[in-house]
Amino acid sequence: MARASATQIDPSQILLTNGSLQGFVYLAQHFFWSGIGGRVLVEAPSYDRPLLILRNHGVEVTAVEMDDEGLDPTALERELKRGPKPAFLYTIPTFQNPSGRTLSVERRERIVELAQSYDLLVLEDDPYGFVRYEGKAPPTMFQIEGSIADKVAHTSSFSKTVSPGLRVGFIILPKPLLKPLELIASSTTISPSNLPAATVYEFARRGHFEPNLERMNGLLRARRDAMLEALERHFGSSASWSRPEGGYFNWLDLPTGVDAGELLVRATEAGVVYCKGTDFYPDGRGAGSLRLAYSYPSPEEIEQGISILAELAKSLSH
Ligand SMILES: Cc1ncc(COP(=O)(O)O)c(C=O)c1O
């Protein structure tokens, strides 16, 4: 399901996991249990759970700048030159959590080049790649690296395409990492959960994967549209936000001077919740930003929620 042609992937390179996140955990454990150590590079902002996991391992985390086109390769190269050598780069190139941004094709190619020239391991976390409701899918970095496949590891799952409760995912690994990660996996869970994996297999074999994806992407598109329209209507030019072509999230930069933490207290009292921007940075940045998830609420609830949020933000901005 990694959108690489079957000939590019040796099945022995695929390790079944209980989700995309477990692929990340196995890789982190490989470096930090074995004492290999090193720091980890992440995007600024990045998914909060890996940040917490790294913090709990006591790992040094460096956040590398991104913009509307995703992770900035120039900032990445600067960081690689600065040293010390990172254990790996953790990146979510498509419909990023939390920003909803997608890395451009040119930048994907450049990052793969940097990985080759700086001997950088890249962990590409891609649970949202199929959750695309418009536009053309860029190749994954795993695909761009192609048959060499020694610098890019690709983790993904069926959580966003079939069901999160089944807990079925996979990580595709460069060959040298296979044995060590298999050992970590077997000493953690003995074997993958075969019944949920067989359920996903049967779901796809019976031809449900594509129609289900189409149905789900239609529902998500309506929610994304409701979110973008509500932001336009209620925040107008006072704030800025990302415009994803898929996934679950967009990122809101609040009107100048509004603190997302302070706003959250008031919003929660009014029945609106979100994740504040500071949760997604390892270094305290993000006070004026927040992550909006439009995947769960209905279009009507989104309209109502954004209207409340904009009113509260206005009251805090003067
Ligand atoms: C970027 C990213 N990676 C991993 C996960 C976890 O997914 P999974 O259920 O596949 O472990 C999520 C969110 O649920 C996510 O946003």
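Worth saying up front: this structure is predicted, and the values here are computed from it rather than measured. Read the numbers this way: they start at 1 and go in the same order the structure lists the ligands and their atoms.
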Is there any N or O on [X] that sits under 3.5 Å from an N or O of ligand 1?
X    : answer
S157 : yes
N97  : yes
G19  : no

Numbering the atoms of ligand 1 from 1, which are under 4.0 Å from a heavy atom of I92? 1 (C)
In the protein, what heavy atom is nearest to [atom], and what distance, to one decimal place, separates them?
atom                    : value
atom 13 (C) of ligand 1 : K160 NZ, 3.1 Å
atom 9 (O) of ligand 1  : S159 OG, 2.6 Å
atom 6 (C) of ligand 1  : Y47 OH, 3.6 Å
atom 3 (N) of ligand 1  : D125 OD2, 2.6 Å

With distance as the sole test, does [X] use its side chain to make a donor-acceptor pair with the main-chain N or O of [Y] at under 3.5 Å?
X    : Y    : value
R101 : S242 : no
E65  : A75  : no
S156 : D126 : yes

Can you tell me if [X] has a non-hydrogen atom under 4.0 Å from ligand 1?
X    : value
P164 : no
Q96  : no
Y128 : yes

Kindly assign one of parallel, tilted or perpendicular to the pair [X] and [Y], based on the angle between their ring planes and the thresholds 30° and 60°.
X    : Y    : answer
F32  : F88  : tilted
Y281 : W251 : tilted
Y128 : Y248 : perpendicular

With sequence neighbours left out, what residues match P164 under side chain to side chain contact (heavy atoms under 4.5 Å, CB included)? S159
Would you list the atom pairs, donor with acceptor, under 3.5 Å between side chains in residues 256-268 and any protein atom, with sequence neighbours excluded?
unit_1	atom_1	unit_2	atom_2	d
D259	OD2	G261	N	2.9
D259	OD2	E262	N	2.9
T268	OG1	L264	O	2.6

